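A quick note: this is a predicted structure, and the numbers were derived from the prediction, not measured.
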Amino acid sequence: MRVALKVWRFDSATGERALREYEIDAPEEATLLDCLDLVKDRHDGTLAYRKSCRMMICGSCGMRMDGAAVLACKTRMYEIAQAGHVPVISAMGNLPVVKDLVVDMDPFWDKFKAMKPYLQPGYDRPEDGREYRISQERMNVIHKEALCVNCGCCVSECNAMESDPEFLGPQALAKGMRFVGDPRDGATVERLEQYSGEHGIWECTRCFFCNERCPKGVDPRDAIAKLGAEAIRHGIDRDMGAKHAKWFVRSTETTGWLRETELVPKTQGVVSSIKQMKFAMNLARHNKAGLAFPPHVAKDVGEARNLRKLVREQDRQGALGHVQGEHALAKLAHGHVEGSLEEIYAKPGAFPQPYLPEDMEETKS
């Protein structure tokens, strides 16, 4: 098949940047990495990019295609070539470009090391040097985080890192959750204190681009949510983001709605609320504040309260509650239910059908 590529070339020594187009003949099973190899071997030996395993294991070949991070060895080119599309290939974002598609990974690894990505001592060791075995249920908490291959695709697309380069980032925090969630680790509280500081857990903007671009299904944003839940469970809630999250839960539990007029006092405190009174009055003047008194209570608020009660009874506090939700969505996505999803949600009194990633793909197509 005939494949065309546009590649952003960059020379850090001169600062020159140019978009070059290449056309090659490639086998139908070729990936983007295969195509780049053909360009380098037969057309331009100066093209620079990273690669190693070619099997979606090492994470070396992260780059952007049409502005979105991908693993080049995972990206098949057949359908793209058949559609006549000419993709634009560039280096990953949020990391300094060294040459062409090669970025400087030192900032990435510095944040990775800051998470202390190894088990900390302090756990009870089994007698007689026996193996420390952990139940599958406990390991399920960090199953996805353990899949990370450190490719940097999530970091490339992180909005929070673009606005604050000091933000720890989705990859580092996901790796942090891998150890916070490991029952063998002896420094859970210390880790959560560190991760909850400035540029940590609560700096995430929740854009979910890291989940969208992760090639291994790690879902870093979900890992950050688990860290936040674990921090609150351990009483590490001094950050404004933690207070914000706690008020979300309390508000929906009591009325079934998010009472936004109380959000600032509960999150930022009374003094800060007084300072923002002028802004609040402008909102009220334009009917944007929702000052109903007493607060409106949702018709089925009992369901929200029962759900919260059930979580407590099952001791699904912190990250365990997120894991339970992940498993439920996975079962729905893979059809592990009686009858089709359409039949289930068409029944009288059924809950609205939850969002599944496949729904978005169908909408796009």
Practice item. Could you walk me through whether R233 and E230 pass side chain to side chain contact (heavy atoms under 4.5 Å, CB included), step by step? Key: CA-CA 5 Å; R233 185 171 74 88; E230 284 294 294; 2.9 Å; yes
Check your understanding: Given M63 and L32, is the side chain to side chain contact (heavy atoms under 4.5 Å, CB included) satisfied, shown in steps?
Key -> CA-CA 10 Å; M63 58 188 69; L32 172 58; 4.1 Å; yes
Practice item. Check step by step if salt bridge (Lys or Arg N to Asp or Glu O under 4.0 Å) holds for E157 and R64. Key: CA-CA 9 Å; E157 308 310 305; R64 276 176 167 171; 2.9 Å; yes
Check your understanding: Under the side chain to side chain contact (heavy atoms under 4.5 Å, CB included) criterion, do R9 and T46 qualify, and how do the steps go?
Key -> CA-CA 10 Å; R9 307 294 304 275; T46 65; 2.9 Å; yes
Practice item. Test side chain to side chain contact (heavy atoms under 4.5 Å, CB included) on M1 and Y78 and set out the steps. Key: CA-CA 8 Å; M1 64 178 178; Y78 178 77; 3.9 Å; yes
Review point. Stepwise, does the side chain to side chain donor-acceptor pair (under 3.5 Å) test hold for Y49 with D100?
Key: CA-CA 7 Å; Y49 53 93; D100 299 339; over 6 Å; no
**Study point:** Derivation of the salt bridge (Lys or Arg N to Asp or Glu O under 4.0 Å) call for R17 and D11
**Key:** CA-CA 7 Å; R17 193 166 184 257; D11 186 342; over 6 Å; no
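Environment of CZ in R54: sparse, with no more than 12 heavy atoms of neighbouring residues, nucleotides or ligands closer than 6.0 Å. Heavy-atom neighbours of H199 NE2 from other residues, nucleotides or ligands within 6.0 Å: above the threshold of 12. Within 6.0 Å of atom NZ in K116, 12 or fewer heavy atoms from other residues, nucleotides or ligands are found, so the atom counts as exposed in its surroundings. Heavy atoms of other residues, nucleotides or ligands lying less than 6.0 angstrom from CD of E313 number more than 12. Within a 6.0 Å sphere centred on CD of E21, other residues, nucleotides and ligands contribute more than 12 heavy atoms.
Connection of L147 to I57 is not established within any shared hydrophobic cluster, with ILVMFWY side chains joined at heavy-atom distances below 4.5 Å, either directly or through further cluster members. Transitive grouping of hydrophobic side chains (ILVMFWY, heavy atoms separated by less than 4.5 Å) keeps I89 and V103 in distinct clusters. M115 and V149 fall into different hydrophobic clusters, defined by Ile, Leu, Val, Met, Phe, Trp and Tyr side-chain heavy atoms under 4.5 Å apart, directly or through other members. One hydrophobic cluster, built from ILVMFWY side chains closer than 4.5 Å, holds both L227 and V141. In the hydrophobic clustering of this structure, V102 does not group with L33; members are Ile, Leu, Val, Met, Phe, Trp, Tyr whose side-chain heavy atoms approach within less than 4.5 Å, directly or through other members.
Here the side chains of K6 and R20 are not in contact, with every heavy-atom distance at 4.5 Å or above. T188 places none of its side-chain heavy atoms less than 4.5 Å from the side chain of R191. Between C204 and F167, the closest side-chain pair of non-hydrogen atoms falls below 4.5 Å.
The heavy-atom pair separating A26 from L38 by the smallest distance is CB-CD1, 3.7 Å. In plain terms, the two heavy atoms of L192 and H234 that are nearest each other are CD1-ND1, 3.7 Å. Looking at every heavy atom in both residues, K226 comes nearest to A319 through CB-CB, 3.8 Å. What you find for I232 and A245 is that their closest heavy atoms are CD1-CB, 4.0 Å. Smallest separation of non-hydrogen atoms from C153 and G62: SG-CA, 4.4 Å. Across every non-hydrogen atom of I80 and P87, the tightest pair is CG2-CD, 3.9 Å.
Listed for the K216 side chain is a donor-acceptor partner under 3.5 Å among the backbone atoms of M56. Side-chain N or O atoms of S251 include none that pairs as donor or acceptor with a backbone N or O of F248 at under 3.5 Å. Of the possible polar contacts, none joining the D44 side chain to the K40 backbone as a donor-acceptor pair under 3.5 Å is found.
Rounding to the nearest 0.5 angstrom, the gap separating the SG atom in C154 from the CE atom in M161 is 8.5 Å. Once rounded to the nearest 0.5 Å, the distance linking CD of E190 with CD1 of I236 reads 8.5 Å. With values rounded to the nearest 0.5 angstrom, C35 atom SG is found 5.5 Å from L5 atom CG. With rounding to the nearest 0.5 Å, the separation of CD1 in I201 from OH in Y195 is 9.0 Å. Taken from NE2 in H244 to OG1 in T267, the straight-line distance is 5.5 Å, to the nearest 0.5 Å. Distance CD1/I24 to CZ/R42: 8.0 Å, rounded to 0.5 Å.
Members clustered with L310: none, using a 4.5 Å side-chain heavy-atom cutoff among hydrophobic residues. Its side chain within the 4.5 Å cluster rule, L19 clusters with W8, V88 among the Ile, Leu, Val, Met, Phe, Trp and Tyr residues.
Remark: D219 pairs with K144, N211, D222 by the side chain to side chain contact (heavy atoms under 4.5 Å, CB included) rule, at least two apart or across chains. Annotation: side-chain hydrogen bond (donor to acceptor under 3.5 Å, both in side chains) contacts of Q120 (sequence neighbours excluded): none. Legend: residues meeting side-chain hydrogen bond (donor to acceptor under 3.5 Å, both in side chains) with R312, ordered by chain and number and at least two apart, are E253. Residues satisfying the salt bridge (Lys or Arg N to Asp or Glu O under 4.0 Å) criterion with E193, sequence neighbours excluded, are R238. Remark: E23 engages R2 in a salt bridge (Lys or Arg N to Asp or Glu O under 4.0 Å) (not counting sequence neighbours). Judged as a salt bridge (Lys or Arg N to Asp or Glu O under 4.0 Å), and not counting sequence neighbours, the contacts of K51 are D37.
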Using residues 69-77 as the side-chain source, report each donor-acceptor pair under 3.5 Å to any protein atom, sequence neighbours left out, with the distance given to one decimal.
| unit_1 | atom_1 | unit_2 | atom_2 | d |
| --- | --- | --- | --- | --- |
| K74 | NZ | P215 | O | 2.7 |
| T75 | OG1 | L71 | O | 3.0 |
| R76 | NH1 | E29 | O | 2.5 |

Identify all side-chain donor-acceptor contacts of residues 90-98 below 3.5 Å with residues at least two apart in sequence or on another chain.
| unit_1 | atom_1 | unit_2 | atom_2 | d |
| --- | --- | --- | --- | --- |
| N94 | ND2 | V155 | O | 2.7 |
| N94 | ND2 | S156 | O | 3.3 |
| N94 | ND2 | C158 | O | 3.1 |

Check: residues 171-182 side-chain donor-acceptor pairs under 3.5 Å, at least two apart:
| unit_1 | atom_1 | unit_2 | atom_2 | d |
| --- | --- | --- | --- | --- |
| Q171 | NE2 | N150 | OD1 | 2.6 |
| R178 | NH1 | D182 | OD2 | 2.9 |
| D182 | OD1 | R184 | N | 2.9 |
| D182 | OD1 | R184 | NE | 2.9 |
| D182 | OD2 | R184 | NE | 3.4 |
| D182 | OD2 | R184 | NH2 | 2.7 |

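No side-chain donor from either of T254 and R305 sits under 3.5 Å from a side-chain acceptor of the other.
One finds no salt bridge joining D237 and K243 here, because no Lys/Arg side-chain nitrogen approaches an Asp/Glu carboxylate oxygen to under 4.0 Å.
Legend: ring pair (Phe, Tyr, Trp, His ring centres under 6.0 Å) pairs involving residues 80-120, not counting sequence neighbours, sorted by first then second residue: W109-F112.
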